[in-house]
There are 2 protein chains.
Amino acid sequence: MKTMNKSDLKLIAVLERTGGFASAQELHQILRREGDGIGLTTVYRALQSLVDDKIVDLLRREDGEAIYRLCGDGHHHHLMCKSCGDTVEIEGGAIEKWANTMAEEFGFREVGHTAEIFGICSKC
Amino acid sequence: MKTMNKSDLKLIAVLERTGGFASAQELHQILRREGDGIGLTTVYRALQSLVDDKIVDLLRREDGEAIYRLCGDGHHHHLMCKSCGDTVEIEGGAIEKWANTMAEEFGFREVGHTAEIFGICSKC
DNA sequence: CACAAAATGAAAATGATTTTCATTTTCAAA
DNA sequence: TTTGAAAATGAAAATCATTTTCATTTTGTG
């Protein structure tokens, strides 16, 4: 780990606090809301460098927007209602195993994965 | 399967011929190169409707660009190389079970899911 | 203090994708 | 065959996330 400036630390702090995934735009809004005048450009730059340093994971939402989360966060998956948008965090131990097994079988390394479930919740 | 117009068929033809994944822009260029004056808008629309009809799969390149490929039959998942983009179709029996179990546990119905694995393949 | 390197952010640029909207094509009913 | 409505089409404008540019500010160090 090399350079680590103020902005990097801010982003890490927010990611720690919020847990899970967030897009650059969302992270920027959160910081703004908290009174931090940080610029969007800086947020992108900080996230980029954190990804380069493997401190943060970069995934993609279904629409292609980049989302970030702290590496090594015991990560979880989501169950989201297509109707009301309500989301439940769920464990994915089975998925981790599946991903690793499959990746190994095909000789892949530096493996990551995404897995989300969606449906209609009981309230809707 | 419902509507299926001329453009849809053209796109399917190109996807069959080329095999593997291609972005909307690439598919458009290929058609143009072959003398077809189809517009980019139409390419996007055709791809969208093919995805809706589950005739083509939509994934994302690392930079977030959408890439499309003809669906094999049956539901499957993908193992994609972050470096060269090579993709392997894999079975996800474990995932189906996991998704259904979780959904049931939280009272969700009409459940679907996504699960993709990515890493660096042995060639890269 | 002084100064070079690093950091910052506003604004412009980029590039994929979507939307708008006017025009053309398709096609079944008359 | 003619006709009218619905579907399809594409050029151009609009969106939107992300990147780049560039002038300014901050920081660390000699």
Side-chain angles (χ1 to χ4, degrees), chain A residues 1-15 18 20-53 55-69 85 114 116, chain B residues 1-15 18 20-53 55-69 80 82 85 87 114 116 118:
Chain A
M1 192 188 312
K2 40 183 92 149
T3 35
M4 176 75 84
N5 66 31
K6 223 177 281 185
S7 302
D8 291 343
L9 294 172
K10 282 182 193 167
L11 266 296
I12 291 177
V14 179
L15 285 168
T18 60
F21 291 106
S23 70
Q25 311 269 351
E26 288 163 353
L27 292 166
H28 179 233
Q29 281 177 48
I30 291 170
L31 280 166
R32 283 270 160 130
R33 216 177 289 136
E34 295 172 356
D36 192 311
I38 192 170
L40 184 54
T41 312
T42 304
V43 170
Y44 274 106
R45 268 192 293 240
L47 288 171
Q48 236 170 227
S49 93
L50 290 170
V51 168
D52 289 345
D53 294 351
I55 294 168
V56 165
D57 276 341
L58 184 167
L59 293 199
R60 295 275 164 190
R61 277 215 245 273
E62 268 215 82
D63 67 353
E65 190 177 0
I67 49 181
Y68 306 83
R69 88 177 160 200
T114 51
E116 307 296 335
Chain B
M1 189 190 311
K2 41 181 93 152
T3 35
M4 174 74 83
N5 66 30
K6 223 175 283 184
S7 302
D8 292 343
L9 294 172
K10 281 182 196 169
L11 267 297
I12 291 177
V14 179
L15 285 168
T18 60
F21 288 104
S23 70
Q25 311 267 353
E26 289 163 353
L27 292 166
H28 179 234
Q29 281 177 47
I30 291 171
L31 280 165
R32 282 270 160 131
R33 215 177 291 137
E34 295 173 355
D36 193 312
I38 192 171
L40 183 55
T41 311
T42 304
V43 169
Y44 273 106
R45 269 191 292 238
L47 288 170
Q48 234 169 228
S49 92
L50 291 171
V51 168
D52 289 345
D53 294 351
I55 294 168
V56 308
D57 278 338
L58 185 168
L59 292 203
R60 296 272 165 192
R61 281 212 242 272
E62 259 224 276
D63 67 352
E65 189 178 0
I67 48 181
Y68 305 83
R69 181 172 76 169
M80 173 156 60
K82 287 190 277 195
T87 303
T114 54
E116 308 294 335
F118 40 87

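Note on naming: letters A, B, ... go to the chains in the order of the sequence lines (proteins, then strands), and numbering restarts at 1 for each one.
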Rounded interatomic separation in angstrom, taking [atom1] from [X] and [atom2] from [N]:
X       : N      : atom1 : atom2 : value
B:Lys10 : D:dG10 : NZ    : C1'   : 12 Å
A:Asp36 : C:dG9  : CG    : P     : 8 Å
A:Asp63 : D:dT15 : CG    : P     : 17 Å
A:Leu47 : C:dG9  : CG    : P     : 13 Å
B:Arg32 : D:dT9  : CZ    : P     : 14 Å
A:Leu11 : C:dT8  : CG    : P     : 10 Å
A:Asn5  : C:dA7  : CG    : C1'   : 7 Å

* Got a sec: does the CD of B:Glu34 have more than 12 other heavy atoms crowding it under 6.0 Å? ->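 Atom CD in B:Glu34 is crowded, with more than 12 foreign heavy atoms closer than 6.0 Å.
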Quick one: does any side-chain atom of [X] pair with a main-chain N or O of [Y] as donor and acceptor, under 3.5 Å?
X       : Y       : answer
B:Asn5  : B:Ser7  : yes
B:Asp63 : B:Glu65 : yes
A:His28 : A:Thr42 : no

With B:Arg69 via side chain to side chain donor-acceptor pair (under 3.5 Å) - residues at least two apart
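Per chain and number, B:Arg69 pairs via side chain to side chain donor-acceptor pair (under 3.5 Å) with B:His78, B:Glu89.
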Selection: residues 24-31 of chain B, any non-hydrogen atom under 4.0 Å of DNA chain C: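 Going residue by residue through residues 24-31 of chain B, the ones with a heavy atom under 4.0 Å of DNA chain C turn out to be B:Gln25.
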Discussion item. So B:Ser23, base contact, sugar-phosphate only, or nothing? Heavy-atom distance under 4.0 Å.
Written reply: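 No contact.
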Base, sugar-phosphate, or nothing for B:Gly64, non-hydrogen atoms under 4.0 angstrom?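 If one applies the 4.0 Å heavy-atom cut-off, B:Gly64 turns out to touch nothing in the nucleic acid.
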How would you list, by chain and number, every residue that makes a side chain to side chain contact (heavy atoms under 4.5 Å, CB included) with A:Leu9, sequence neighbours excluded?
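Side chain to side chain contact (heavy atoms under 4.5 Å, CB included) check on A:Leu9 returns A:Met4.
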Query raised in the report: By side chain to side chain contact (heavy atoms under 4.5 Å, CB included), which residues pair with B:Ala24, not counting sequence neighbours?
Result: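 Result, side chain to side chain contact (heavy atoms under 4.5 Å, CB included) vs B:Ala24: B:Val43, B:Tyr44, B:Leu47, B:Tyr68.
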message: Quick check for you: among C:dT17, C:dG9, D:dT9, whose closest atom lies nearest to any side-chain atom of A:Ile38?
response: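 Closest of the options to the side chain of A:Ile38: C:dG9.
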Going 5' to 3' through nucleotides 19-30 of chain D and flagging B where a protein heavy-atom sits under 4.0 Å of the base, S where only the sugar-phosphate is that close, and - otherwise, we get BB------S---
What salt bridge (charged side-chain N to carboxylate O under 4.0 Å, His left out) pairs are there with at least one residue in residues 35-52 of chain B, not counting sequence neighbours?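 Counting only pairs at least two positions apart or across chains, the salt bridge (charged side-chain N to carboxylate O under 4.0 Å, His left out) contacts touching residues 35-52 of chain B are B:Lys10-B:Asp36.
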Looking at every non-hydrogen atom in both residues, tell me the closest pair between B:Met80 and B:Arg60 and how far apart they are.
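Taking every non-hydrogen atom into account, CE-O, 3.0 Å.
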